[in-house]
Protein chains: 2
Amino acid sequence: MAKRTGEKYEAIIDAAVRVIAKYGYHQAQVSRIAREANVADGTIYLYFANKDDVLISLFNEKMGQFISNASKALSEIESPVDQLRELIRLHFESLAADYQLAIVTQIELRQSKPEVRKEIGLILKRYLKVMDQVIEAGVEQGAFRDDFDVITARRMIFGTIDETVTSWIMKDCKYPLMDQVDPILDLLLNGFSR
Amino acid sequence: MAKRTGEKYEAIIDAAVRVIAKYGYHQAQVSRIAREANVADGTIYLYFANKDDVLISLFNEKMGQFISNASKALSEIESPVDQLRELIRLHFESLAADYQLAIVTQIELRQSKPEVRKEIGLILKRYLKVMDQVIEAGVEQGAFRDDFDVITARRMIFGTIDETVTSWIMKDCKYPLMDQVDPILDLLLNGFSR
DNA sequence: GGATGTTGAATGAATGGTCATTCATTTACG
DNA sequence: CGTAAATGAATGACCATTCATTCAACATCC
(Lines give C-alpha, C1' and ligand atoms only; values in the text may rest on other atoms or scores of the structure.)
Protein backbone atom coordinates (compact mmCIF):
# COMPACT_ATOMS: atom_id res chain seq x y z
CA MET A 1 0.00 0.00 0.00
CA ALA A 2 0.88 3.66 -0.21
CA LYS A 3 2.73 3.64 -3.52
CA ARG A 4 3.91 7.20 -3.90
CA THR A 5 3.96 7.48 -7.67
CA GLY A 6 1.93 6.57 -10.71
CA GLU A 7 -0.84 7.92 -12.88
CA LYS A 8 -3.49 7.62 -10.19
CA TYR A 9 -1.23 9.11 -7.54
CA GLU A 10 -1.02 12.27 -9.57
CA ALA A 11 -4.67 12.13 -10.57
CA ILE A 12 -5.66 12.05 -6.91
CA ILE A 13 -3.41 14.95 -5.96
CA ASP A 14 -4.67 17.06 -8.83
CA ALA A 15 -8.24 16.16 -8.02
CA ALA A 16 -7.64 17.19 -4.43
CA VAL A 17 -6.42 20.60 -5.55
CA ARG A 18 -9.51 21.11 -7.70
CA VAL A 19 -11.96 19.88 -5.09
CA ILE A 20 -10.44 21.87 -2.23
CA ALA A 21 -10.20 25.01 -4.35
CA LYS A 22 -13.81 24.68 -5.45
CA TYR A 23 -15.57 23.44 -2.31
CA GLY A 24 -13.17 24.50 0.43
CA TYR A 25 -11.22 22.43 2.91
CA HIS A 26 -14.19 21.43 5.03
CA GLN A 27 -16.24 20.19 2.10
CA ALA A 28 -13.40 18.22 0.55
CA GLN A 29 -14.44 14.74 1.63
CA VAL A 30 -12.41 11.76 0.54
CA SER A 31 -15.31 10.50 -1.53
CA ARG A 32 -15.56 13.79 -3.40
CA ILE A 33 -11.85 13.77 -4.18
CA ALA A 34 -12.16 10.16 -5.31
CA ARG A 35 -15.05 10.98 -7.62
CA GLU A 36 -13.18 13.95 -9.10
CA ALA A 37 -10.18 11.70 -9.74
CA ASN A 38 -12.41 9.03 -11.33
CA VAL A 39 -11.35 6.54 -8.75
CA ALA A 40 -13.09 4.60 -6.00
CA ASP A 41 -12.90 5.83 -2.42
CA GLY A 42 -10.82 2.86 -1.38
CA THR A 43 -8.31 3.41 -4.16
CA ILE A 44 -7.05 6.53 -2.43
CA TYR A 45 -5.87 4.31 0.40
CA LEU A 46 -3.78 2.27 -2.01
CA TYR A 47 -1.74 5.37 -2.77
CA PHE A 48 -1.91 7.37 0.46
CA ALA A 49 -1.81 6.35 4.10
CA ASN A 50 -4.84 8.49 4.95
CA LYS A 51 -6.52 11.75 4.08
CA ASP A 52 -3.90 13.86 5.83
CA ASP A 53 -1.24 12.16 3.74
CA VAL A 54 -3.02 13.34 0.60
CA LEU A 55 -2.84 16.94 1.78
CA ILE A 56 0.77 16.75 2.88
CA SER A 57 1.81 15.03 -0.34
CA LEU A 58 -0.04 17.67 -2.31
CA PHE A 59 1.90 20.46 -0.66
CA ASN A 60 5.15 18.54 -0.85
CA GLU A 61 4.84 17.90 -4.58
CA LYS A 62 3.82 21.41 -5.53
CA MET A 63 6.02 23.34 -3.15
CA GLY A 64 9.02 21.07 -3.68
CA GLN A 65 8.77 21.76 -7.38
CA PHE A 66 8.67 25.49 -6.76
CA ILE A 67 11.62 25.55 -4.37
CA SER A 68 13.79 23.64 -6.85
CA ASN A 69 12.92 26.02 -9.66
CA ALA A 70 13.46 29.09 -7.53
CA SER A 71 16.79 27.92 -6.11
CA LYS A 72 18.11 27.22 -9.56
CA ALA A 73 16.89 30.48 -11.08
CA LEU A 74 18.31 32.57 -8.23
CA SER A 75 21.70 30.92 -8.38
CA GLU A 76 22.11 32.28 -11.88
CA ILE A 77 21.63 35.90 -10.80
CA GLU A 78 24.48 38.02 -9.45
CA SER A 79 22.97 41.22 -8.14
CA PRO A 80 21.22 40.84 -4.76
CA VAL A 81 18.61 43.40 -5.73
CA ASP A 82 17.83 41.45 -8.88
CA GLN A 83 17.73 38.24 -6.84
CA LEU A 84 15.19 39.77 -4.49
CA ARG A 85 13.09 41.01 -7.41
CA GLU A 86 13.24 37.58 -9.03
CA LEU A 87 12.27 35.89 -5.77
CA ILE A 88 9.15 38.01 -5.48
CA ARG A 89 8.43 37.62 -9.17
CA LEU A 90 8.72 33.82 -9.10
CA HIS A 91 6.57 33.58 -5.99
CA PHE A 92 3.80 35.64 -7.55
CA GLU A 93 4.18 34.03 -10.95
CA SER A 94 3.78 30.50 -9.67
CA LEU A 95 0.59 31.38 -7.82
CA ALA A 96 -0.86 33.59 -10.55
CA ALA A 97 -0.28 30.75 -13.02
CA ASP A 98 -2.46 28.31 -11.06
CA TYR A 99 -4.98 30.11 -8.98
CA GLN A 100 -6.65 26.93 -7.78
CA LEU A 101 -3.36 25.91 -6.25
CA ALA A 102 -3.03 29.43 -4.87
CA ILE A 103 -6.36 29.12 -3.08
CA VAL A 104 -5.41 25.74 -1.67
CA THR A 105 -1.97 26.64 -0.34
CA GLN A 106 -2.80 30.18 0.70
CA ILE A 107 -6.22 29.74 2.27
CA GLU A 108 -7.53 26.23 2.55
CA LEU A 109 -4.57 24.18 3.74
CA ARG A 110 -4.14 26.62 6.62
CA GLN A 111 -7.32 25.18 8.10
CA SER A 112 -5.84 21.72 8.38
CA LYS A 113 -5.08 19.79 11.54
CA PRO A 114 -1.94 20.54 13.56
CA GLU A 115 -0.17 17.41 12.34
CA VAL A 116 -0.69 18.43 8.74
CA ARG A 117 0.36 22.01 9.36
CA LYS A 118 3.47 20.83 11.12
CA GLU A 119 4.56 18.92 8.02
CA ILE A 120 3.69 21.87 5.83
CA GLY A 121 5.80 24.07 8.08
CA LEU A 122 8.80 21.79 7.59
CA ILE A 123 8.46 21.99 3.83
CA LEU A 124 8.09 25.77 3.98
CA LYS A 125 11.27 26.04 6.01
CA ARG A 126 13.28 25.08 2.96
CA TYR A 127 11.85 28.08 1.16
CA LEU A 128 12.58 30.42 4.05
CA LYS A 129 16.21 29.27 3.93
CA VAL A 130 16.40 30.35 0.31
CA MET A 131 15.14 33.78 1.34
CA ASP A 132 17.74 34.02 4.07
CA GLN A 133 20.48 33.25 1.58
CA VAL A 134 19.35 36.06 -0.69
CA ILE A 135 19.42 38.53 2.18
CA GLU A 136 22.81 37.32 3.43
CA ALA A 137 24.31 37.64 -0.03
CA GLY A 138 22.98 41.18 -0.24
CA VAL A 139 24.57 42.11 3.06
CA GLU A 140 27.91 40.49 2.21
CA GLN A 141 28.11 42.16 -1.17
CA GLY A 142 27.31 45.52 0.37
CA ALA A 143 24.08 46.06 -1.53
CA PHE A 144 22.06 45.90 1.69
CA ARG A 145 22.74 47.51 5.04
CA ASP A 146 24.63 45.41 7.55
CA ASP A 147 22.92 46.74 10.66
CA PHE A 148 19.70 44.75 10.60
CA ASP A 149 18.77 41.26 11.70
CA VAL A 150 18.42 38.83 8.80
CA ILE A 151 15.56 36.90 10.38
CA THR A 152 13.59 40.08 11.03
CA ALA A 153 14.13 41.15 7.44
CA ARG A 154 13.09 37.76 6.12
CA ARG A 155 9.88 37.84 8.14
CA MET A 156 9.22 41.21 6.59
CA ILE A 157 9.74 39.89 3.07
CA PHE A 158 7.75 36.73 3.62
CA GLY A 159 5.02 38.47 5.57
CA THR A 160 4.61 41.11 2.90
CA ILE A 161 4.53 38.63 0.03
CA ASP A 162 2.18 36.31 1.86
CA GLU A 163 -0.25 39.05 2.84
CA THR A 164 -0.20 40.40 -0.70
CA VAL A 165 -1.08 37.05 -2.20
CA THR A 166 -3.79 36.41 0.36
CA SER A 167 -5.52 39.72 -0.33
CA TRP A 168 -5.21 39.15 -4.04
CA ILE A 169 -7.08 35.85 -3.66
CA MET A 170 -9.62 37.36 -1.29
CA LYS A 171 -10.34 39.99 -3.93
CA ASP A 172 -10.94 37.16 -6.42
CA CYS A 173 -7.69 37.75 -8.30
CA LYS A 174 -9.30 40.77 -9.97
CA TYR A 175 -6.06 42.64 -10.62
CA PRO A 176 -2.73 41.37 -11.99
CA LEU A 177 -0.64 40.14 -9.08
CA MET A 178 2.54 40.72 -11.09
CA ASP A 179 1.94 44.48 -11.01
CA GLN A 180 2.82 44.35 -7.33
CA VAL A 181 6.38 43.09 -7.81
CA ASP A 182 8.13 46.42 -8.35
CA PRO A 183 6.14 48.49 -5.84
CA ILE A 184 6.88 45.91 -3.16
CA LEU A 185 10.54 45.67 -4.09
CA ASP A 186 10.81 49.45 -3.92
CA LEU A 187 9.24 49.63 -0.47
CA LEU A 188 11.34 46.76 0.85
CA LEU A 189 14.53 48.40 -0.39
CA ASN A 190 13.82 52.04 0.36
CA GLY A 191 11.11 52.13 3.04
CA PHE A 192 8.36 54.70 3.54
CA SER A 193 10.52 57.51 4.74
CA ARG A 194 11.15 60.49 2.60
CA MET B 1 -32.38 33.21 23.67
CA ALA B 2 -28.89 34.28 22.81
CA LYS B 3 -28.50 37.01 25.38
CA ARG B 4 -25.26 38.70 24.50
CA THR B 5 -24.16 39.86 27.92
CA GLY B 6 -23.95 38.68 31.49
CA GLU B 7 -21.60 36.88 33.82
CA LYS B 8 -21.94 33.54 32.07
CA TYR B 9 -21.58 35.11 28.64
CA GLU B 10 -18.13 36.33 29.59
CA ALA B 11 -17.29 33.15 31.45
CA ILE B 12 -18.02 31.13 28.32
CA ILE B 13 -15.92 33.37 26.08
CA ASP B 14 -12.99 33.29 28.46
CA ALA B 15 -13.31 29.55 28.85
CA ALA B 16 -13.29 29.22 25.06
CA VAL B 17 -10.03 31.17 24.88
CA ARG B 18 -8.42 28.94 27.47
CA VAL B 19 -9.68 25.69 25.98
CA ILE B 20 -8.77 26.59 22.40
CA ALA B 21 -5.33 27.83 23.44
CA LYS B 22 -4.67 24.69 25.42
CA TYR B 23 -6.20 21.95 23.29
CA GLY B 24 -6.32 23.57 19.84
CA TYR B 25 -9.25 24.43 17.64
CA HIS B 26 -10.11 20.87 16.67
CA GLN B 27 -10.18 19.59 20.25
CA ALA B 28 -12.25 22.48 21.55
CA GLN B 29 -15.59 20.69 21.79
CA VAL B 30 -18.59 22.53 23.13
CA SER B 31 -18.74 20.19 26.11
CA ARG B 32 -15.13 20.96 27.00
CA ILE B 33 -15.73 24.69 26.81
CA ALA B 34 -18.84 24.24 28.94
CA ARG B 35 -16.95 22.30 31.55
CA GLU B 36 -14.16 24.88 31.65
CA ALA B 37 -16.78 27.61 32.14
CA ASN B 38 -18.50 25.60 34.92
CA VAL B 39 -21.68 25.53 32.95
CA ALA B 40 -23.79 22.81 31.34
CA ASP B 41 -23.46 22.12 27.62
CA GLY B 42 -26.94 23.40 26.94
CA THR B 43 -26.33 26.65 28.78
CA ILE B 44 -24.00 27.77 26.01
CA TYR B 45 -26.99 27.77 23.68
CA LEU B 46 -28.82 30.16 25.98
CA TYR B 47 -26.12 32.75 25.36
CA PHE B 48 -24.93 31.91 21.85
CA ALA B 49 -26.75 30.82 18.72
CA ASN B 50 -24.28 28.00 18.08
CA LYS B 51 -20.64 27.10 18.39
CA ASP B 52 -19.58 29.39 15.54
CA ASP B 53 -21.25 32.26 17.32
CA VAL B 54 -19.05 31.64 20.35
CA LEU B 55 -15.93 31.96 18.21
CA ILE B 56 -17.12 35.05 16.36
CA SER B 57 -18.22 36.72 19.59
CA LEU B 58 -14.87 35.89 21.15
CA PHE B 59 -13.00 37.64 18.37
CA ASN B 60 -15.44 40.51 18.29
CA GLU B 61 -15.13 41.18 22.02
CA LYS B 62 -11.36 40.97 22.17
CA MET B 63 -10.54 42.66 18.88
CA GLY B 64 -13.19 45.35 19.30
CA GLN B 65 -11.62 46.26 22.61
CA PHE B 66 -8.18 46.48 21.04
CA ILE B 67 -9.30 48.62 18.09
CA SER B 68 -10.99 51.13 20.39
CA ASN B 69 -7.89 51.43 22.56
CA ALA B 70 -5.58 51.76 19.61
CA SER B 71 -7.70 54.36 17.82
CA LYS B 72 -7.83 56.49 20.89
CA ALA B 73 -4.13 56.21 21.70
CA LEU B 74 -3.09 57.01 18.14
CA SER B 75 -5.32 60.06 17.93
CA GLU B 76 -3.28 61.61 20.70
CA ILE B 77 0.00 61.35 18.81
CA GLU B 78 1.11 63.95 16.28
CA SER B 79 4.16 62.59 14.52
CA PRO B 80 3.36 59.91 11.90
CA VAL B 81 6.56 58.05 12.71
CA ASP B 82 5.60 57.94 16.36
CA GLN B 83 2.10 56.84 15.39
CA LEU B 84 3.52 53.95 13.40
CA ARG B 85 5.80 52.96 16.25
CA GLU B 86 2.90 53.10 18.67
CA LEU B 87 0.73 51.02 16.35
CA ILE B 88 3.33 48.26 16.23
CA ARG B 89 3.95 48.57 19.94
CA LEU B 90 0.27 48.33 20.87
CA HIS B 91 -0.24 45.38 18.56
CA PHE B 92 2.65 43.45 20.09
CA GLU B 93 1.84 44.56 23.60
CA SER B 94 -1.74 43.34 23.49
CA LEU B 95 -0.68 39.90 22.30
CA ALA B 96 2.36 39.61 24.55
CA ALA B 97 0.11 40.47 27.51
CA ASP B 98 -2.22 37.54 26.88
CA TYR B 99 -0.47 34.79 25.06
CA GLN B 100 -3.44 32.44 25.24
CA LEU B 101 -5.45 34.99 23.31
CA ALA B 102 -2.50 35.38 20.95
CA ILE B 103 -2.52 31.66 20.17
CA VAL B 104 -6.25 31.72 19.58
CA THR B 105 -6.41 34.72 17.27
CA GLN B 106 -3.13 34.11 15.51
CA ILE B 107 -3.19 30.36 14.99
CA GLU B 108 -6.32 28.55 16.02
CA LEU B 109 -9.15 30.75 14.78
CA ARG B 110 -7.59 30.68 11.33
CA GLN B 111 -8.64 27.04 11.09
CA SER B 112 -12.29 27.91 11.44
CA LYS B 113 -15.01 27.46 8.87
CA PRO B 114 -15.42 29.96 6.04
CA GLU B 115 -18.48 31.57 7.62
CA VAL B 116 -16.57 32.25 10.81
CA ARG B 117 -13.53 33.55 8.99
CA LYS B 118 -15.68 35.85 6.94
CA GLU B 119 -17.01 37.50 10.09
CA ILE B 120 -13.52 37.70 11.51
CA GLY B 121 -12.39 39.37 8.30
CA LEU B 122 -15.05 42.04 8.67
CA ILE B 123 -13.94 42.82 12.19
CA LEU B 124 -10.30 42.94 11.10
CA LYS B 125 -11.16 45.43 8.38
CA ARG B 126 -11.79 48.07 11.00
CA TYR B 127 -8.23 47.63 12.20
CA LEU B 128 -6.82 47.83 8.68
CA LYS B 129 -8.61 51.14 8.24
CA VAL B 130 -6.80 52.50 11.27
CA MET B 131 -3.52 51.47 9.66
CA ASP B 132 -4.46 53.21 6.43
CA GLN B 133 -5.16 56.41 8.31
CA VAL B 134 -1.74 56.36 9.92
CA ILE B 135 -0.08 55.95 6.53
CA GLU B 136 -2.20 58.63 4.90
CA ALA B 137 -1.41 61.09 7.68
CA GLY B 138 2.27 60.37 7.19
CA VAL B 139 2.06 61.08 3.49
CA GLU B 140 0.05 64.26 3.95
CA GLN B 141 2.39 65.62 6.58
CA GLY B 142 5.39 64.89 4.38
CA ALA B 143 7.00 62.43 6.77
CA PHE B 144 6.50 59.58 4.30
CA ARG B 145 7.12 59.49 0.58
CA ASP B 146 4.15 60.29 -1.62
CA ASP B 147 5.03 57.96 -4.48
CA PHE B 148 3.82 54.65 -3.10
CA ASP B 149 0.43 53.01 -2.93
CA VAL B 150 -1.13 53.17 0.54
CA ILE B 151 -2.75 49.75 0.26
CA THR B 152 0.51 48.12 -0.75
CA ALA B 153 2.26 49.80 2.16
CA ARG B 154 -0.44 48.71 4.58
CA ARG B 155 -0.18 45.11 3.44
CA MET B 156 3.52 45.38 4.10
CA ILE B 157 3.00 46.67 7.62
CA PHE B 158 0.26 44.21 8.47
CA GLY B 159 2.03 41.29 6.79
CA THR B 160 5.24 42.02 8.65
CA ILE B 161 3.57 42.41 12.03
CA ASP B 162 1.42 39.34 11.55
CA GLU B 163 4.28 37.14 10.42
CA THR B 164 6.39 38.37 13.33
CA VAL B 165 3.73 37.50 15.89
CA THR B 166 3.08 34.11 14.32
CA SER B 167 6.76 33.12 14.43
CA TRP B 168 7.02 34.38 17.96
CA ILE B 169 4.17 32.07 18.98
CA MET B 170 5.56 29.18 16.97
CA LYS B 171 8.83 29.57 18.85
CA ASP B 172 6.84 29.32 22.11
CA CYS B 173 7.20 33.01 22.91
CA LYS B 174 10.77 32.39 24.02
CA TYR B 175 12.02 35.90 23.31
CA PRO B 176 10.46 39.28 24.16
CA LEU B 177 8.19 40.26 21.31
CA MET B 178 8.57 43.93 22.23
CA ASP B 179 12.23 43.83 21.25
CA GLN B 180 11.07 43.62 17.66
CA VAL B 181 9.26 46.97 17.62
CA ASP B 182 12.20 49.23 16.78
CA PRO B 183 13.98 46.92 14.33
CA ILE B 184 10.75 46.53 12.38
CA LEU B 185 10.00 50.23 12.46
CA ASP B 186 13.48 50.93 11.18
CA LEU B 187 13.17 48.48 8.30
CA LEU B 188 9.70 49.73 7.38
CA LEU B 189 10.90 53.34 7.32
CA ASN B 190 14.33 52.93 5.76
CA GLY B 191 14.36 49.64 3.88
CA PHE B 192 17.23 47.21 3.32
CA SER B 193 19.18 49.32 0.90
CA ARG B 194 22.41 50.92 1.88
C1' DG C 1 -5.97 -21.34 -29.29
C1' DG C 2 -8.77 -21.85 -25.74
C1' DA C 3 -9.51 -23.31 -21.12
C1' DT C 4 -8.07 -22.59 -16.55
C1' DG C 5 -5.47 -20.53 -12.84
C1' DT C 6 -3.16 -16.71 -10.39
C1' DT C 7 -2.31 -12.21 -8.96
C1' DG C 8 -2.97 -7.76 -7.41
C1' DA C 9 -5.45 -3.54 -8.47
C1' DA C 10 -9.78 -1.46 -7.82
C1' DT C 11 -14.29 -1.12 -5.92
C1' DG C 12 -17.97 0.88 -2.88
C1' DA C 13 -21.18 -0.50 0.74
C1' DA C 14 -20.95 -0.95 5.58
C1' DT C 15 -18.95 0.42 9.99
C1' DG C 16 -17.79 3.02 13.96
C1' DG C 17 -16.57 7.00 16.29
C1' DT C 18 -17.18 11.77 16.97
C1' DC C 19 -19.67 15.84 18.31
C1' DA C 20 -23.01 19.79 17.83
C1' DT C 21 -27.43 20.46 19.08
C1' DT C 22 -31.95 19.60 21.25
C1' DC C 23 -35.40 19.39 24.76
C1' DA C 24 -37.76 17.07 28.67
C1' DT C 25 -36.78 17.72 33.23
C1' DT C 26 -34.94 19.92 37.37
C1' DT C 27 -33.51 23.75 40.15
C1' DA C 28 -33.53 28.43 42.03
C1' DC C 29 -35.66 32.45 43.01
C1' DG C 30 -39.16 36.13 43.76
C1' DC D 1 -46.59 28.65 43.27
C1' DG D 2 -44.99 30.40 38.84
C1' DT D 3 -41.45 31.65 35.92
C1' DA D 4 -37.05 31.74 34.04
C1' DA D 5 -32.55 29.70 33.99
C1' DA D 6 -29.86 25.78 33.82
C1' DT D 7 -29.05 20.99 33.11
C1' DG D 8 -27.02 16.88 30.64
C1' DA D 9 -28.49 12.56 28.52
C1' DA D 10 -30.12 11.34 24.10
C1' DT D 11 -30.21 12.14 19.17
C1' DG D 12 -28.84 12.20 14.59
C1' DA D 13 -25.80 13.70 11.02
C1' DC D 14 -21.54 13.31 9.16
C1' DC D 15 -17.42 11.03 7.08
C1' DA D 16 -12.79 8.65 7.25
C1' DT D 17 -11.56 4.19 6.88
C1' DT D 18 -12.04 -0.86 6.16
C1' DC D 19 -12.40 -5.12 3.74
C1' DA D 20 -15.05 -8.78 1.31
C1' DT D 21 -15.76 -8.98 -3.32
C1' DT D 22 -15.12 -8.10 -8.35
C1' DC D 23 -12.45 -7.40 -12.32
C1' DA D 24 -8.66 -7.40 -15.74
C1' DA D 25 -4.49 -8.90 -17.29
C1' DC D 26 -1.44 -12.15 -17.99
C1' DA D 27 0.60 -16.92 -17.46
C1' DT D 28 0.46 -21.92 -17.98
C1' DC D 29 -0.81 -26.09 -19.74
C1' DC D 30 -3.15 -29.50 -22.90
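To find a chain, count down the sequence lines: A is the first, B the second, and so on, and within it residues start at 1.
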Visitor: Looking at B:Arg18 and B:Glu36, is any side-chain nitrogen of the basic one under 4.0 Å from a carboxylate oxygen of the acidic one?
Guide: yes
Visitor: Atom CZ of B:Arg32 and atom P of C:dT18: how far apart are they, to the nearest Å?
Guide: 12 Å
Visitor: Using a cut-off of 4.0 Å between protein heavy atoms and nucleotide atoms, how would you tag nucleotides 25-30 of chain C 5' to 3' with B, S and -?
Guide: ------
Visitor: With a 4.5 Å cut-off on side-chain heavy atoms, are A:Arg145 and B:Phe192 touching?
Guide: no
Visitor: Going by heavy atoms closer than 4.0 Å, what residues in residues 17-27 of chain A are next to DNA chain C?
Guide: none
Visitor: Rounded to whole angstroms, how far apart are CG on A:Asn50 and C1' on D:dT18?
Guide: 13 Å
Visitor: More than 12 non-hydrogen atoms from neighbouring residues, nucleotides or ligands closer than 6.0 Å to OH on B:Tyr127, yes or no?
Guide: yes
Visitor: Applying side-chain hydrogen bond (donor to acceptor under 3.5 Å, both in side chains), can you list everything that pairs with A:Asn38, at least two apart in sequence or on another chain?
Guide: none
Visitor: For the pair made of CZ in A:Arg35 and P in C:dT11, what is the distance, rounded to whole Å?
Guide: 13 Å
Visitor: Tell me, please, which residues at least two apart from A:Glu115 pass side-chain contact (heavy atoms from CB on, under 4.5 Å).
Guide: A:Asp52, A:Lys113
Visitor: Output the rounded distance in Å from OH (B:Tyr45) to C1' (C:dC23).
Guide: 13 Å
Visitor: Donor-acceptor pair, distance only, cut-off 3.5 Å: does the side chain of B:Gln106 make one with the backbone of B:Asp162?
Guide: yes
Visitor: Between A:Arg194 and B:Asp147, does any NZ, NE, NH1 or NH2 come within less than 4.0 Å of an OD or OE carboxylate oxygen?
Guide: no
Visitor: Starting at the 5' end of nucleotides 5-13 of chain D, put B wherever the base has a protein heavy atom under 4.0 Å, S where only the sugar-phosphate does, and a dash everywhere else.
Guide: -BBB-----
Visitor: Salt bridge check: are A:Asp41 and A:Arg35 linked by an N-O gap of less than 4.0 Å?
Guide: no
Visitor: From NZ of A:Lys113 over to C1' of D:dA16, roughly how many Å is that when rounded to an integer?
Guide: 9 Å
Visitor: Could you name each residue pair satisfying side-chain hydrogen bond (donor to acceptor under 3.5 Å, both in side chains) that touches residues 131-144 of chain B, not counting sequence neighbours?
Guide: B:Asp132-B:Arg154
Visitor: Starting at atom CG of B:Asp53, determine the distance to atom C1' of C:dA20, rounded to an integer number of angstrom.
Guide: 14 Å
Visitor: Please give, in whole Å, the distance from D:dC15 P to A:Lys51 NZ?
Guide: 8 Å
Visitor: Charged N to carboxylate O under 4.0 angstrom, A:Arg85 versus A:Asp186?
Guide: no
Visitor: On a heavy-atom basis, which atom in A:His91 and which in A:Phe66 lie closest, and how many Å separate them?
Guide: CA-CZ, 3.8 Å
Visitor: D:dA16 C1' sits how many Å from A:Ile33 CD1, rounded?
Guide: 11 Å
